[in-house]
Engineer: 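There's a structure below that I have some questions on.
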Amino acid sequence: MGLVVMSTMGQDHQTELLPKSTETTPQDQDEATVEDEQPAQNTDVKKVFIPTKEWQTVEEDQTLLPGLHIRMNLQTGKKEAKLLDDDDGTEYQQSLERMRKAGHTGLSQAVMLSQSQEDKESEDKPVDPQEEARAALMRESVIEALKHIKSDDGPTPQNEQTASKAKYRSYKQLKEDFDELNLKMETDLDILTRLMSQYQATSSDDERAIILEDLEYLVHQFDNAINFIDMGGLKDIVMPGINSSSTEVKEGAFHLLGSAVQSNPKVQIAAVEAGLVQALIQALEYNAQEGVARKAMFAVSCLVRGFPYGQQVLVQSGGMEALRRLFDRHDFQSLPLQLKVVALLHDLLVEREQAEGERLLQLRRFKLDDRLATGGWCPAVSSLLTVASFDRRDRRYDMGAALKNQMPLRPDHDTVDKVVSAMGSMVRFCRYQFYDTLPLLRHLAHTYDDLAYKEQFQNTDDDEGHGLFRGMAETIQRLVKDIGQKNEL
């Protein structure tokens, strides 16, 4: 028994193999195999196959819709199709309506004849007027359904372009719409220009502080920072800001400068040539407000990190001496600023250790190591270890312990980590000055060993604390070993 294929209207549009109708003709007695339909690339409504109750040859350029008996005549090599046995065309038209509502066709591309061949065949067969009327009505239904449905084959390039144009509006259209709403589309450059103009036009310090904050946000972007400099931002915005009598404006100007120069060589060069290194040094040394000093320190760090020329100007302008004098302030309010300086020193020393070639030669020209060794930096940094190795959350207890020269009990982990890291970078030229810190370092190493042990057995579900304390203990132990070995020499 031969096989025929019937396309179904299910959601997955699969093809089922069904026993062929019992009626046979000489043409279909040798049917044996069936091929899966291939997806159509295009749907031309004029070439949709219109079925009847009789088997008809499906031409090569015709498109089949689901819901038909389909068979392959192996004698002629042609594909044939007709309505289902119990369907007079009504069910087929209903299936087209369901396809229209579902939004897809599940079309299949047949393998097949031409219109001229179909006309030739039709001349040989008697025409049933009712069948002809039904076919005409069915063709109209198919054409109407195809107007409202989408093909499973996906959008064609032309349809996709049309849909894209309908979905998205052009920049010109958007601009016109915004103009109607009294809104204006601005690029970052437009915003920079507008904010800089507003800053110069206003006399309100509150408004200037807000504008500086907006500018600071914009200059984080690399190109915006360069545009800001090219538009005279250093001269017209930053310099007047850092010389303002308003604390908020000063802080905003230093923050803006730091964000603009960070990892941006062109802006860094412009800032150094504008004399801002000297202005930053003065702000750090003579400004009493801690908030302003911290923002100025942020700007210094961003300006000289990874920038040998900036570091050279800082050293030659007396910047290292000014930074060192910050450690003469023996108060807790100055501790965050001092730690920022320690972190900068550590980064500059690590940068020298990792530098190669021409960059290394540039960094060696101003001999930072010698300046640190002879400039009082070794005792200044190590002195922070005593102050920073207790938790400031309970100052009264630990202050009493410090005054009685007792070992602190609760170390401030972040601060200890920064100080010990800096000491590790400085140990090669500060070994003798660090020798007096060995008892405190050994005590801290023992404390972190205990903390790591407790974290390991008390918090078995979280290894982060154990790893942190174990790493700090090992770092301190290496520092103790380096100081001890070098002093033995």
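As the structure is a computational prediction, the values presented were derived from the model and not from experiment.
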Engineer: I'd like to know if R470 and E474 make a salt bridge, using a cut-off of under 4.0 Å between side-chain N and carboxylate O.
Structural biologist: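 Here R470 pairs with E474 in a salt bridge, since their nearest N and O are under 4.0 Å apart.
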
Engineer: Report, as yes or no, whether the 6.0 Å neighbourhood of atom CZ on F222 holds more than 12 heavy atoms from other residues, nucleotides or ligands.
Structural biologist: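 Buried by this count: over 12 neighbours within 6.0 Å.
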
Engineer: What's the verdict on side-chain contact (heavy atoms from CB on, under 4.5 Å) for S301 and K340, showing C-alpha distance, side-chain angles and the deciding distance?
Structural biologist: CA-CA 9 Å; S301 299; K340 289 181 180 293; 5.7 Å; no

Engineer: If every non-hydrogen atom of L339 is compared with every non-hydrogen atom of V419, which pair is closest and at what distance?
Structural biologist: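 Closest approach of L339 to V419, heavy atoms only: CD2-CG2, 4.0 Å.
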
Engineer: So, do L372 and M320 sit near enough that their side-chain heavy atoms are less than 4.5 Å apart?
Structural biologist: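 Result yes, sub-4.5 Å side-chain heavy-atom pair found.
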
Engineer: Does a salt bridge link D482 with R431, judged by any charged N lying under 4.0 Å from a carboxylate O?
Structural biologist: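 No, no charged N to carboxylate O under 4.0 Å.
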
Engineer: Closer than 3.5 angstrom, by distance alone: can the side chain of T202 be matched with the main-chain N or O of S204 as a donor-acceptor pair?
Structural biologist: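 Looks like yes, one N/O pair under 3.5 Å.
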
Engineer: Using modelled atom types only, decide if a donor and an acceptor are shared between the side chain of T437 and the backbone of F434 within a distance under 3.5 Å.
Structural biologist: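 Confirmed, T437 side chain pairs with F434 backbone.
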
Engineer: Start with the C-alpha gap between L280 and L257, add the side-chain angles, then the distance that decides, and say whether side-chain contact (heavy atoms from CB on, under 4.5 Å) holds.
Structural biologist: CA-CA 10 Å; L280 290 170; L257 174 61; 4.2 Å; yes

Engineer: Does the side chain of I281 come within less than 4.5 Å of V300's, by heavy atoms?
Structural biologist: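 With C-beta onward as the side chain, the pair stays apart.
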
Engineer: Would you mind checking if E290 and R329 are paired as a salt bridge, meaning a charged N to carboxylate O distance below 4.0 Å?
Structural biologist: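 Salt bridge present between R329 and E290.
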
Engineer: If you compare all heavy atoms of V313 against all heavy atoms of Q278, which two are closest, and at what distance to 0.1 Å?
Structural biologist: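 Heavy atoms of V313 and Q278 come nearest at CG1-NE2, 4.2 Å.
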
Engineer: Find the distance between CG (L215) and CD (Q198) and round it off to the nearest 0.5 Å.
Structural biologist: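 Rounded to the nearest 0.5 Å, the CG-CD separation comes out at 9.5 Å.
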
Engineer: Would you say H220 has more than 12 foreign heavy atoms packed within less than 6.0 Å of its NE2?
Structural biologist: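 Yes, the 6.0 Å shell around NE2 holds more than 12 heavy atoms from other groups.
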
Engineer: Could you please spell out the steps behind the side-chain contact (heavy atoms from CB on, under 4.5 Å) verdict for M472 and V416?
Structural biologist: CA-CA 9 Å; M472 292 184 69; V416 171; 4.2 Å; yes

Engineer: State plainly whether the residues R364 and E353 are in salt-bridge range, i.e. N to O under 4.0 Å.
Structural biologist: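 E353 and R364: not salt-bridged.
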
Engineer: State, yes or no, whether a side-chain contact exists between D214 and I191 at a heavy-atom distance under 4.5 Å.
Structural biologist: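 Side-chain contact under 4.5 Å: no.
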
Engineer: Roughly how far apart are E248 CD and D206 CG, rounded to 0.5 Å?
Structural biologist: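 With rounding to 0.5 Å, CD (E248) is 7.0 Å from CG (D206).
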
Engineer: Is there a donor-acceptor pair closer than 3.5 Å between any side-chain N or O of S383 and the backbone N or O of A380?
Structural biologist: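 Such a contact is found between S383 side chain and A380 backbone.
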
Engineer: Do other residues, nucleotides or ligands put more than 12 heavy atoms under 6.0 Å from Q200 CD?
Structural biologist: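 Counting other residues, nucleotides and ligands, CD of Q200 exceeds 12 neighbours.
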
Engineer: Taking the six-membered ring for Trp, are W377 and F327 parallel (under 30°), tilted (30 to 60°) or perpendicular (over 60°)?
Structural biologist: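 Answer is perpendicular, since the angle exceeds 60°.
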
Engineer: Are L323 and M297 packed together at the side-chain level, in the sense that at least one heavy-atom pair is separated by less than 4.5 angstrom?
Structural biologist: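 Yes, close enough: below the 4.5 Å cut-off.
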
Engineer: Could you tell me if H346 and S421 have a donor-acceptor pair between their side chains, going purely by distance under 3.5 Å?
Structural biologist: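 Their side chains do not contain a donor-acceptor pair, so the 3.5 Å distance test is not met.
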
Engineer: So, taking the atom named CG in L256 and the one named OH in Y199, what distance separates them when rounded to the nearest 0.5 Å?
Structural biologist: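 Output value for this atom pair is 9.0 Å.
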
Engineer: Are any non-hydrogen side-chain atoms of F228 and I237 less than 4.5 angstrom apart?
Structural biologist: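 The answer is yes, as the side chains (C-beta and beyond) meet within the 4.5 Å cut-off.
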
Engineer: Is any side-chain heavy atom of M423 closer than 4.5 Å to a side-chain heavy atom of C430?
Structural biologist: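 M423 does not reach C430 side chain to side chain.
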
Engineer: Taking the side chain from Q338 and the backbone from L326, do they hold a donor-acceptor pair closer than 3.5 Å?
Structural biologist: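 Yes, Q338 side chain to L326 backbone: donor-acceptor pair under 3.5 Å.
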
Engineer: Minimum heavy-atom separation for N224 and V219, please, with both atom names.
Structural biologist: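 That closest heavy-atom pairing would be CB-CA, 4.3 Å.
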
Engineer: Is the shortest distance from a Lys or Arg side-chain nitrogen in R294 or E251 to a carboxylate oxygen in the other one below 4.0 Å?
Structural biologist: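 Salt bridge: no.
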
Engineer: For the pair K266 and D230, find out whether any cationic side-chain nitrogen is under 4.0 Å from an anionic carboxylate oxygen.
Structural biologist: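 A salt bridge links K266 with D230.
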
Engineer: Ignoring hydrogens, what is the shortest heavy-atom contact between V238 and A253? Give both atom names and the distance.
Structural biologist: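 Taking V238 first and A253 second, the nearest heavy atoms are O-CB, 4.0 Å.
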
Engineer: Between R428 and D369, is a side-chain contact (heavy atoms from CB on, under 4.5 Å) present by the stated rule, with each step listed?
Structural biologist: CA-CA 9 Å; R428 63 181 181 274; D369 293 3; 3.1 Å; yes

Engineer: So for atom CD, which belongs to E356, do other residues, nucleotides or ligands contribute more than 12 heavy atoms lying within a distance under 6.0 Å?
Structural biologist: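 Atom CD in E356 is not packed in, count stays at 12 or less.
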
Engineer: Considering non-hydrogen atoms only, spot the tightest contact between F254 and F298 and give its length.
Structural biologist: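 Smallest heavy-atom distance, with atoms named: O-CD2, 4.4 Å.
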
Engineer: Do Q477 and D449 come within less than 4.5 Å of each other through their side chains, counting heavy atoms only?
Structural biologist: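 SC-SC contact between Q477 and D449 confirmed.
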
Engineer: Is K250 atom NZ crowded by more than 12 heavy atoms from other residues, nucleotides or ligands, each under 6.0 Å away?
Structural biologist: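 Yes, the 6.0 Å shell around NZ holds more than 12 heavy atoms from other groups.
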
Engineer: Check the pair K235, E273 against salt bridge (charged side-chain N to carboxylate O under 4.0 Å, His left out), reporting the backbone distance first and the verdict last.
Structural biologist: CA-CA 11 Å; K235 176 184 176 183; E273 292 178 347; over 6 Å; no

Engineer: Quick one: CG on N243 to CD on Q282, what's the gap to the nearest 0.5 Å?
Structural biologist: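 Spacing of CG (N243) from CD (Q282) equals 9.0 Å.
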
Engineer: Would you check if the side chain of Q311 reaches a backbone N or O of V304 as a donor-acceptor pair within less than 3.5 Å?
Structural biologist: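 Checked: pair present.
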
Engineer: For A355 and L363, which heavy atoms make the closest approach, and how far apart are they?
Structural biologist: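 What the structure gives for the nearest pair is CB-CD1, 3.7 Å.
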
Engineer: Short question: side chain of D417, backbone of H413 - any donor-acceptor pair under 3.5 Å?
Structural biologist: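 Here the side-chain-to-backbone pair does not exist.
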
Engineer: Give a yes-or-no answer on whether the side chains of R305 and Q268 include a donor-acceptor pair shorter than 3.5 Å.
Structural biologist: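 The criterion, which ignores hydrogens and geometry beyond distance, is not satisfied for Q268 and R305.
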
Engineer: Would a 4.5 Å heavy-atom cut-off, applied to side chains only, mark L195 and L218 as touching?
Structural biologist: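 SC-SC contact between L195 and L218 confirmed.
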
Engineer: Consider only side-chain N and O atoms of D190 and T187, and report whether a donor and an acceptor are under 3.5 Å apart.
Structural biologist: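 Side-chain D/A pair, D190 to T187: present.
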
Engineer: What distance separates E207 CD from D205 CG, expressed to the nearest 0.5 Å?
Structural biologist: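 Rounded to the nearest 0.5 Å, the CD-CG separation comes out at 10.0 Å.
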
Engineer: Mind checking the CD-CZ spacing from Q312 to F307? Nearest 0.5 Å is all I need.
Structural biologist: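 Those atoms lie 10.0 Å apart.
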
Engineer: Look only at the side chain of Q289 and the backbone of G291, and say whether a donor-acceptor pair between them is shorter than 3.5 Å.
Structural biologist: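 Side chain of Q289 to backbone of G291: no pair is present.
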
Engineer: Indicate yes or no: does K418 engage D414 in a salt bridge with an N to O separation below 4.0 Å.
Structural biologist: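 Yes, K418 and D414 are salt-bridged.
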
